[in-house]
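Side chains are part of it too, since the values below use all heavy atoms of this structure and drop only hydrogens, waters and symmetry mates. Chain identifiers are assigned alphabetically (A, B, ...) following the order of the sequence lines, protein sequences preceding nucleic acid strands; residue numbering begins at 1 within each chain.
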Amino acid sequence: MKDMGVTAERYNHRETEPKWQSFWTENQCFEAKEDPSRPKYYVLEMFPYPSGRIHMGHVRNYTMGDVIARFRRACGYNVLHPMGWDAFGMPAENAAIERGIHPKGWTYDNIATMRGQLKSMGLAIDWSREFATCDPSYYKHEQAMFIDFITAGLVERRVSLVNWDPVDQTVLANEQVIDGKGWRSGAVVEKRELAQWFLKITDYAQDLLDALDGLDKWPDKVRLMQKNWIGRSEGMTFTFELEDANGKKLDDGLTVYTTRHDTIFGASFCAVSSEHPLSKKIAAHNPELENFRKEVAALGTSEENIERAEKKGCALGVFARHPFLKDVKLPVYAANFVLMGYGEGALFGCPAHDQRDIDFANKYHLPVLPVVAPRGVDVASFKLTTEPYLEKDGEDSVLINSNFLDGLTVSQAKEEVAKRFEATGIGKRTVNFRLRDWGVSRQRYWGCPIPVVHCKDCGIVPVPKSQLPVELPEDVKFDKPGNPLVHHPTWKHVNCPNCNEAAERETDTFDTFIDSSWYYARFASPHDAEPVNPVASKYWLPVDQYIGGVEHAILHLLYSRFYARAMHKTGHLDADEPFASLFTQGMVIHETFKSASGEWVLPSDAVHKDGAWTHIKTGEALSVGGVEKMSKSKRNVVDPDTIIAAYGADTARWFMLSDTPPERDIEWTEAGAEGSWRFTQRIWRIISEIADLPNSPASMDQSAVVLRRVSHRTAVSITDDLNNLRFNRAISRIYELSNAIGPALATANKTTDMIGALREAGDFLVLLMAPMMPHLAEECWKLLGHGEAVVNTVWPKGLAELTAVAEMTLAVQVNGKRRDEILVPKGADRDMIEPLVLELESIKRAIEGKVLKKIIVVPDRIVNIVVTDE
RNA sequence: GCGGGCGUGGCGUAAUGGUAGCCGCAACGGACUUAAAAUCCGUUUUUCGAAAGGAAGUGCCGGUUCGAGUCCGGCCGCCCGCACCA
């Protein structure tokens, strides 16, 4: 180990930080090895997309993970803290299209830059496990597992409706469709049917829902969001008989899904999706309906449009027979609000008890018959016109106008209808989920190739595992719209692995969410020949603490949970849940400024003068925008490199952890950063002064005990705070400890015992802050004369004799209002306390002339004297 | 529309149902300095008071409790998620 050459003159982060980073690397401090004799701790932050440079959000995220990693390590855990790159995706391809750079070069260049930036933060990461998802050595396992998924029945290929950009020749995600137009091309987006690959996540809908209960270390909010997303509902599917306008029975029936079978007597129409087979069939010889279908398709898929669109329908000219009332016929419409993808793509409308149905009924002059009403209401006069009656929680409602259901409650009526449907065989109880199967095909180059071959004789043939990976060709051009893999002269032409005849590769690539659905497991054995090594994964998994943005609450986290189950089923993993504990951190936000002309102005160019903001150069008046998430477009981004260069990584880390609770948005301020920087200097001064003191043992002498108590109690509370990810509290405890050391240092005549306490306090201060400011801690530790590095030093424990409390100050209240306080031994009981408080002058005054009712004594908490006026 | 969360000094925040405002930022006063910066010491919820000492106070109204920032009910405001899911 080389001499680190510490001097006490100044703290120079520019020299110190790289020095200790090299030290940690050279000594392989953070390289994790399986060791069954020690408890493991796997801490993981959501890995970054290599977009170019790290931003403050990364700094915050990785600092939190790093504090946990270093803290757990000091506590004796065998810590795994890896880093990698979510490296496939559209921005690389866009860079290629816009600037003629190859996606691969662009991506790996970005990775190199960002790796350097992350290293400058001094993260305790095992870099030997690093990989990028665009490495063929990673995605080949993804391909192999996909083939296993096919064998296991977890994959389906089917035609589905997609948003198609006719100019860019590609499928767009819903978020990429803006006002019905492609976000890049501006072309009007079409709906098109394409054969797509799907992963059957719906097979696990119930399990994914049920298992949420066991994820008790996940935020309730995320669990609830997933629950709503899975969207389980219990209802019935049943079939109406259909007839034409002349009353002639048709061969087809109409099967609908409903959760409100109790309202069947209030039904006044049926509606099907315009994509429903019945609608398509009739449209073939009904031009009006065909026009309607086109109109619905042209509306696009943007949610905004859907929300604004008027409820519209087109009569099909057929009628559904009411299942219980043989003379009642319900007109059937194709309607723009019926989703083909949910239930049966068909429903019956009960206008009296559904807002959407009543809107539709009013438009097409259909009856509105209430069938549920508050118990005791006058049935004859209970009428509804524009607002449906919706039963509220706890309200006592019963069925009316409903034949054999009259007088039953909603749940009784549901049960009765269900029994009758089941008895006659026209319907059955059904559970439906909102969750859709996961479409994983993307018509993109920069993604993992889907490892199948299309053979005109053999059909779809998986690529044999021995031929994996199916590597992306590098010699592609982006001169034409669409997927370059389709235009590549040779790549897609292969022989069928089955019959050896000429065949074609699948040119679609995987959704990048697949890449990020199992990377955490690959980190357990990143160089293994199998996707996941069973011994390593058994030891390291699940991830003990996962940290990332709440924006991934649904997709990434749900896909990962599904993927673990799919890997379990195919023998790749021995667990179902990837992340035992989840933490979602807040964003980094910053003030914004706008010029009179409406242009965003850099916050660093805004100066506050005489109560108004002006531009530092032009003097132009500026308006203050909101405090918002850092974004390039609003020009309120702060570059971590600049901050680290100016103040050092420790200051940046400290600021990202302090003041604001980690789950909330934190505002970046220059003043806050300077405050953090000043504190690093203050620590350095304090430690330098302590280091100049002679060596002296910590004793229990009275002059030492006061400070020693602070040190030891701080250790206890910081341990608790870090175990619970309350970084902001841990930091305020560090401030308190340094505030206690300052005055003690300033005392002119220090006893030997006091010096011992000070030296101990210095040690505690350094060790306790080390997870947050690791470089400064190492430098201080060295300065204090310790031979071993902080990184190899165990976490300090508070001694019981110093953390124990002997005396307590209890508040003394009169009628709940604080009047005085009293110092008593810990555990003092009523008999001891009562006489004491009644002797207090302030209490005597407060209860004078009143009648004493009782005295509440809660030992070690409070005393409350209850008095009345008479 | 449905679901969830949050309202505490000038600001960020703290407070197992038990002395509201720890800690930080900012501001102000003082020390050091030729001066400034840095540093150190102090003040800083509002209000009455010279002081001692009072009074009010955690968005608003009510409830439970000896005691409510915290629990319950109802409003008001802000934020987030989902959104034609039959």
So which nucleotide does [N] pair with, by the Watson-Crick or G-U wobble rule with both distances under 3.5 Å?
| N | answer |
| --- | --- |
| B:A35 | none |
| B:A20 | none |
| B:G77 | B:C6 |
| B:A50 | none |
| B:A86 | none |
| B:A27 | B:U43 |

Among [options], which nucleotide sits nearest the side chain of [X]?
| X | options | answer |
| --- | --- | --- |
| A:Ile862 | B:U19, B:C82, B:A14 | B:U19 |
| A:Phe337 | B:U13, B:A86, B:C84 | B:C84 |
| A:Asp659 | B:G3, B:U19, B:G12 | B:G12 |
| A:Val858 | B:A86, B:G18, B:U19 | B:G18 |
| A:Thr809 | B:G81, B:A86, B:U19 | B:U19 |
| A:Arg685 | B:U13, B:G4, B:U39 | B:U39 |
| A:Asn228 | B:G3, B:A14, B:C40 | B:G3 |
| A:Ile554 | B:C66, B:A86, B:C82 | B:C82 |

Salt-bridge test for A:Arg845 and A:Glu848: reply yes if a basic N is under 4.0 Å from a carboxylate O, no otherwise. no
Identify whether the distance between the nearest side-chain nitrogen and carboxylate oxygen of A:Arg223 and A:Asp216 falls below 4.0 Å. no
Over all atoms of both residues, closest heavy-atom pair of A:Ala744 and A:Lys750: O-CE, 3.8 Å
Distance-only donor-acceptor test (3.5 Å): side chain A:Lys311, base B:C84: yes
Polar pair under 3.5 Å, donor/acceptor by atom type, side chain A:Arg733, base B:C22: yes
Kindly assign one of parallel, tilted or perpendicular to the pair A:Phe360 and A:Tyr333, based on the angle between their ring planes and the thresholds 30° and 60°. perpendicular
I'd like the C1' distance from B:G24 over to B:G9, given in whole Å. 14 Å
NA contact type, A:Ser658, heavy-atom cut-off 4.0 Å: base, sugar-phosphate, or nothing? nothing
Can you find a side chain N or O atom of A:Arg678 that sits less than 4.0 Å from OP1 or OP2 on B:A26? yes
